[in-house]
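Below is one structure, written out as structure tokens; the observations come after it.
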Amino acid sequence: LPQSRAMLLAVDVGNTQTHVGAFEGADLVADWRLSTRGYLTADELALAMVGSLRFRKLDPATVDAAIVSTVVPRLGPEYIRLCERHLGAECLLVGPSVKTGMPIRIDNPRELGSDRLVNAVAAFDRFGAACLSVDFGTSINIDAVSAAGEYLGGAIGPGLEVSIEALAGRTAKLPRIEIAAPEVAI
């Protein structure tokens, strides 16, 4: 029996990891993480994506659309080719031309990373009030949204792994430590 196409892939390509969510309507039916490798081609991305879908017992033929936010510019066109060639699906690449409904109140809106914009949109959608979005990744991004749903600006700092590597590499006695919850606080 033919299956109807009804799955959306939401892809967040970060510097270190790529997060993927598979949605049927508003329901998240699966999610996974892949290592980001900025040199991959659409064909290589297809192997990982199709394999990940099948591993989760999802039919790649049901994917009818994808939305991709990437901080690795070279991978944007590769994800578009992945969708067109291997999934037969439409692909929306989040960028300055995408209308999110969130006014961007910074001097140069084109400088705002798509990852930070989608985080701000999601935070405001969830809380419907003034809020901060905090994203812990390769960098720590903190972004402010007004009560009216406007992106106001934010800050970027080194992420936990980057900070630990720098601290261990620039000090004589501090070892590199594993990021894990301690048994006790003190």
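Among residues two or more places apart in sequence or in another chain, the side chain to side chain donor-acceptor pair (under 3.5 Å) test is passed with R33 by Q17, H19. Applying the side-chain contact (heavy atoms from CB on, under 4.5 Å) rule to N108 yields the partners R110, E111; only residues at least two apart in sequence or on another chain are considered. Under the rule for a side-chain contact (heavy atoms from CB on, under 4.5 Å), the partners of P158 that lie at least two apart in sequence or sit in another chain are V162, S163. Under the rule for a salt bridge (Lys or Arg N to Asp or Glu O under 4.0 Å), the partners of E165 that lie at least two apart in sequence or sit in another chain are R176. For R105, the salt bridge (Lys or Arg N to Asp or Glu O under 4.0 Å) partners at least two apart in sequence or on another chain are E150. Remark: D43 engages H86 in a side chain to side chain donor-acceptor pair (under 3.5 Å) (not counting sequence neighbours). Looking at residues two or more places apart in sequence or on another chain, you find a salt bridge (Lys or Arg N to Asp or Glu O under 4.0 Å) between D143 and R116. Residues forming a side-chain contact (heavy atoms from CB on, under 4.5 Å) with T171 (at least two apart in sequence, or on another chain): L167, L174.
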Counting only pairs under 3.5 Å, give me each side-chain donor-acceptor contact of residues 133-142, with atom names and distances, residues two or more places apart or in other chains.
| from | atom 1 | to | atom 2 | distance (Å) |
| --- | --- | --- | --- | --- |
| D135 | OD2 | N119 | ND2 | 3.0 |
| T138 | OG1 | T16 | OG1 | 2.3 |
| S139 | OG | N141 | OD1 | 3.0 |

Do any side-chain atoms of residues 44-58 form donor-acceptor pairs under 3.5 angstrom with protein atoms, and if so which ones, sequence neighbours left out?
| from | atom 1 | to | atom 2 | distance (Å) |
| --- | --- | --- | --- | --- |
| E44 | OE1 | T41 | N | 2.8 |
| E44 | OE1 | T41 | OG1 | 3.3 |
| S52 | OG | W32 | NE1 | 3.4 |
| S52 | OG | A48 | O | 2.8 |
| R56 | NH1 | S52 | O | 3.1 |

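Between V118 and V94, some side-chain heavy-atom pair lies under the 4.5 Å cut-off. Here the side chains of Y79 and V11 are in contact, with some heavy-atom distance below 4.5 Å. Looking at V68 and L92, their side chains never come closer than 4.5 Å, going by heavy atoms from C-beta outward.
Think of Y151 as one node in a network of Ile, Leu, Val, Met, Phe, Trp and Tyr side chains linked at under 4.5 Å; its network also takes in M102, I104, I106, L112, L117, V121, F124, V145.
Screening V71, V13, N15 for a side-chain contact (heavy atoms from CB on, under 4.5 Å) involving D115 leaves a single residue, V71.
Residues I67 and L28 fall within the same hydrophobic cluster, defined by Ile, Leu, Val, Met, Phe, Trp and Tyr side chains chained together at heavy-atom separations under 4.5 Å. Transitive grouping of hydrophobic side chains (ILVMFWY, heavy atoms separated by less than 4.5 Å) brings V20 and L75 into a common cluster.
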* To do: Dump the intermediate steps for side-chain contact (heavy atoms from CB on, under 4.5 Å) on V72 and T36, then the final yes or no.
  => CA-CA 9 Å; V72 183; T36 299; 4.0 Å; yes

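For residues 65-74, the side chain to side chain donor-acceptor pair (under 3.5 Å) pairs, not counting sequence neighbours, are S69-S114.
Of the charged side-chain nitrogens involved, at least one lies within less than 4.0 Å of a carboxylate oxygen, so that R81 and E78 count as a salt-bridged pair.
In this structure, L9 CG and C91 SG are separated by 9.5 Å, a value rounded to the nearest 0.5 Å.
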